[in-house]
**Q** 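Got a structure for you, questions after.
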2 protein chains.
Amino acid sequence: MRTIDLLKSKGVSPSQQRIQILEYLLKNKIHPSVDTIFQNLVNQIPTLSKTTVYNTLALLREKQLIQVIIDNNEIRYDADTEFHGHFKCLECGAIYDFPISEIKIDISSIENFQISEKHIYYTGICALCIKKKGDENGNKT
Amino acid sequence: MRTIDLLKSKGVSPSQQRIQILEYLLKNKIHPSVDTIFQNLVNQIPTLSKTTVYNTLALLREKQLIQVIIDNNEIRYDADTEFHGHFKCLECGAIYDFPISEIKIDISSIENFQISEKHIYYTGICALCIKKKGDENGNKT
DNA sequence: TCCTCATTTTGTAATCATTACAAATTTATA
DNA sequence: TATAAATTTGTAATGATTACAAAATGAGGA
Ligand SMILES: [Mn+2]
Ligand SMILES: [Mn+2]
Ligand SMILES: [Zn+2]
Ligand SMILES: [Zn+2]
């Protein structure tokens, strides 16, 4: 489905800014921050305002076209709304996806609760950064 | 174990501020924010500075005496460092615990990653707030 | 085509949690 | 007690997010 139709299907009128922001998220699965999105689109839309990025992301989230990743310092965004886990590398800042097939919880403590969002968020150091560190230590020239 | 000994066991010198902050977290399992902690302790320690609360919490976290709950607006703290899930009520702001016995993930995508923290964070509306809402609608006087 | 009104976008100022930092205080040690 | 190290404090700075009102856009009707 084209981005325009995706927006229309949720009753959102497809302005240039909205199309571009959603398209950026659909094409760049890097869980970008508001600032990353802004920096990458301001070339194509020179008049773009950061407020528009914030407003649009809030709207897209409301319409469940994107999800938000709770992060320590800044919020990051994801056009993949299927349930999956996220791993944030504390070294390079990258956020990786990982699939989750099942969670066993004793729901007795949150029985009758109405759940709207589920976040699985790991932190640590990614394989690339571990390797990089190893190389640095190995190369005692 | 007394709070003082708990601190000593991690090599942290037990100042009055540190004792009180950790003790507060141990006795009040409400996942308080920095501000809640500060407001509740400033009576006992009138000279207490919010910076000290921040510094102490960062130290206690480093020493793994407490864990941090990633939240949308503000960071919340938990002296229970055992792995468990958190549910935040979007209505009243309360954070509930729930036990997790097992998570099945396909680790192939994050193989060789070094994991340091695992967060399971749900949001929604708690049973109390659902009931409250129902009562309000039912009481059409 | 031009006008009008609703929607959307923009820019700036305000907010608010967190951090930086240097001075003041407390604590440990000799 | 004297001295140095560790800790705490208060204030200023930072930085992401939000509020808000003016400017731009765009669809529909005369
Ligand atoms: Mn993702
Ligand atoms: Mn907890
Ligand atoms: Zn990395
Ligand atoms: Zn509630």
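Side chains included, hydrogens not; waters and symmetry mates left out as well; all remaining heavy atoms used. To find a chain, count down the sequence lines: A is the first, B the second, and so on, and within it residues start at 1.
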**Q** Only one of B/K118, B/H84, B/E117 passes side-chain contact (heavy atoms from CB on, under 4.5 Å) with B/Q67; say which it is.
**A**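 Single side-chain contact (heavy atoms from CB on, under 4.5 Å) partner of B/Q67 among B/K118, B/H84, B/E117: B/H84.
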
**Q** Which nucleotide in the set C/dT8, C/dA20, C/dT10 lies at the smallest distance from any side-chain heavy atom of A/N55?
**A**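 Nearest to the side-chain atoms of A/N55, counting from C-beta on, is C/dT10.
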
**Q** Could you tell me the separation between the CG atom of A/L41 and the P atom of C/dT10, rounded to a whole number of Å?
**A**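 From A/L41 CG to C/dT10 P: 11 Å.
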
**Q** Nearest to the B/Q17 side chain among C/dT9, D/dT8, D/dT17, which nucleotide is it?
**A**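 Nucleotide nearest to B/Q17's side chain: D/dT8.
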
**Q** May I have the distance from A/I45 (atom CD1) to D/dT25 (atom P), rounded to whole angstrom?
**A**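 It is 13 Å, rounded to the nearest whole Å.
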
**Q** Where the side chain of B/T51 is defined as all heavy atoms beyond and including C-beta, which of D/dG10, C/dA17, C/dT8 is the nearest nucleotide?
**A**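 Closest nucleotide to the B/T51 side chain: D/dG10.
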
**Q** More than 12 foreign heavy atoms under 6.0 Å from CD of B/E102: is that the case here?
**A**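 Counting neighbours around CD of B/E102, more than 12 heavy atoms of other residues, nucleotides or ligands fall under 6.0 Å, so yes.
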
**Q** B/S13 near the nucleic acid: base, sugar-phosphate alone, or nothing, with a heavy-atom cut-off under 4.0 Å?
**A**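 Sugar-phosphate contact only - B/S13 comes under 4.0 Å of backbone atoms but never of a base.
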
**Q** Could you check whether A/T52 gets within reach of a base, just the sugar-phosphate, or nothing at all, counting any heavy atom under 4.0 Å?
**A**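 If one applies the 4.0 Å heavy-atom cut-off, A/T52 turns out to touch a base.
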
**Q** For A/I75 and C/dC16, give me the distance from atom CD1 to atom C1', rounded to whole Å.
**A**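 Result: 14 Å.
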
**Q** Could you label the plane-to-plane angle of the A/F98 and A/Y122 rings as parallel, tilted or perpendicular, counting under 30° as parallel and over 60° as perpendicular?
**A**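 Judged by the thresholds at 30° and 60°, the geometry between A/F98 and A/Y122 is tilted.
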
**Q** Figure out the CZ/P separation between A/R76 and D/dA16, and round it to whole Å.
**A**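 About 13 Å, once rounded to whole Å.
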
**Q** Does the side chain of B/Y54 get closer than 4.0 angstrom to OP1 or OP2 of C/dT18 through an N or O atom?
**A**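 B/Y54 to C/dT18 OP1/OP2: side-chain N or O found under 4.0 Å.
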
**Q** Using atom CD1 of B/I70 as one end and atom C1' of C/dT18 as the other, report the distance to the nearest whole Å.
**A**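 After rounding, the gap between these two atoms is 14 Å.
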
**Q** In whole angstroms, how far is the P atom of D/dT7 from the CG atom of B/L60?
**A**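 The answer, rounded to whole Å, is 12 Å.
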
**Q** Examine the base of C/dT9 for any acceptor or donor lying under 3.5 Å from a partner atom in the side chain of A/S15, and report the outcome as yes or no.
**A**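 Absent.
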
**Q** Between A/E23 and A/T3, does the side chain to side chain donor-acceptor pair (under 3.5 Å) criterion hold? Intermediate values first, please.
**A** CA-CA 6 Å; A/E23 208 143 71; A/T3 311; 2.6 Å; yes

**Q** What is the distance, rounded to the nearest whole Å, between atom NZ of A/K8 and atom C1' of D/dA27?
**A**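 In whole Å, D/dA27 C1' lies 13 Å from A/K8 NZ.
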
**Q** Between C/dT18, D/dA16, D/dT9, spot the one nearest the side chain of B/E74, thanks.
**A**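 The listed nucleotide nearest to B/E74's side chain is C/dT18.
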
**Q** Looking only at the side chain of A/S49 (C-beta and beyond, no hydrogens), which of the listed nucleotides C/dT19, C/dT10, D/dT17 gets closest?
**A**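 Between C/dT19, C/dT10, D/dT17, the one nearest the side chain of A/S49 would be C/dT10.
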
**Q** Between P on D/dT7 and CG on B/L7, what's the gap in Å once rounded to a whole number?
**A**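 Spelled out: CG on B/L7 to P on D/dT7 is 11 Å.
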
**Q** For B/K50 and B/Q16, take the nucleotide of DNA chain C holding the closest heavy atom to each; which residue's nucleotide lies nearer the 5' end?
**A**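 Whichever sits nearer the 5' end wins; that is B/K50.
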
**Q** Could you tell me how the ring of A/Y96 sits relative to the ring of B/F113: parallel (under 30°), tilted (30 to 60°) or perpendicular (over 60°)?
**A**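 Rings of A/Y96 and B/F113: perpendicular, as their planes differ by over 60°.
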
**Q** Quick one: on DNA chain D, does B/R18 or B/P46 contact a more 5' nucleotide (nearest heavy atom)?
**A**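 The residue closer to the strand's 5' end, by nearest nucleotide, is B/R18.
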
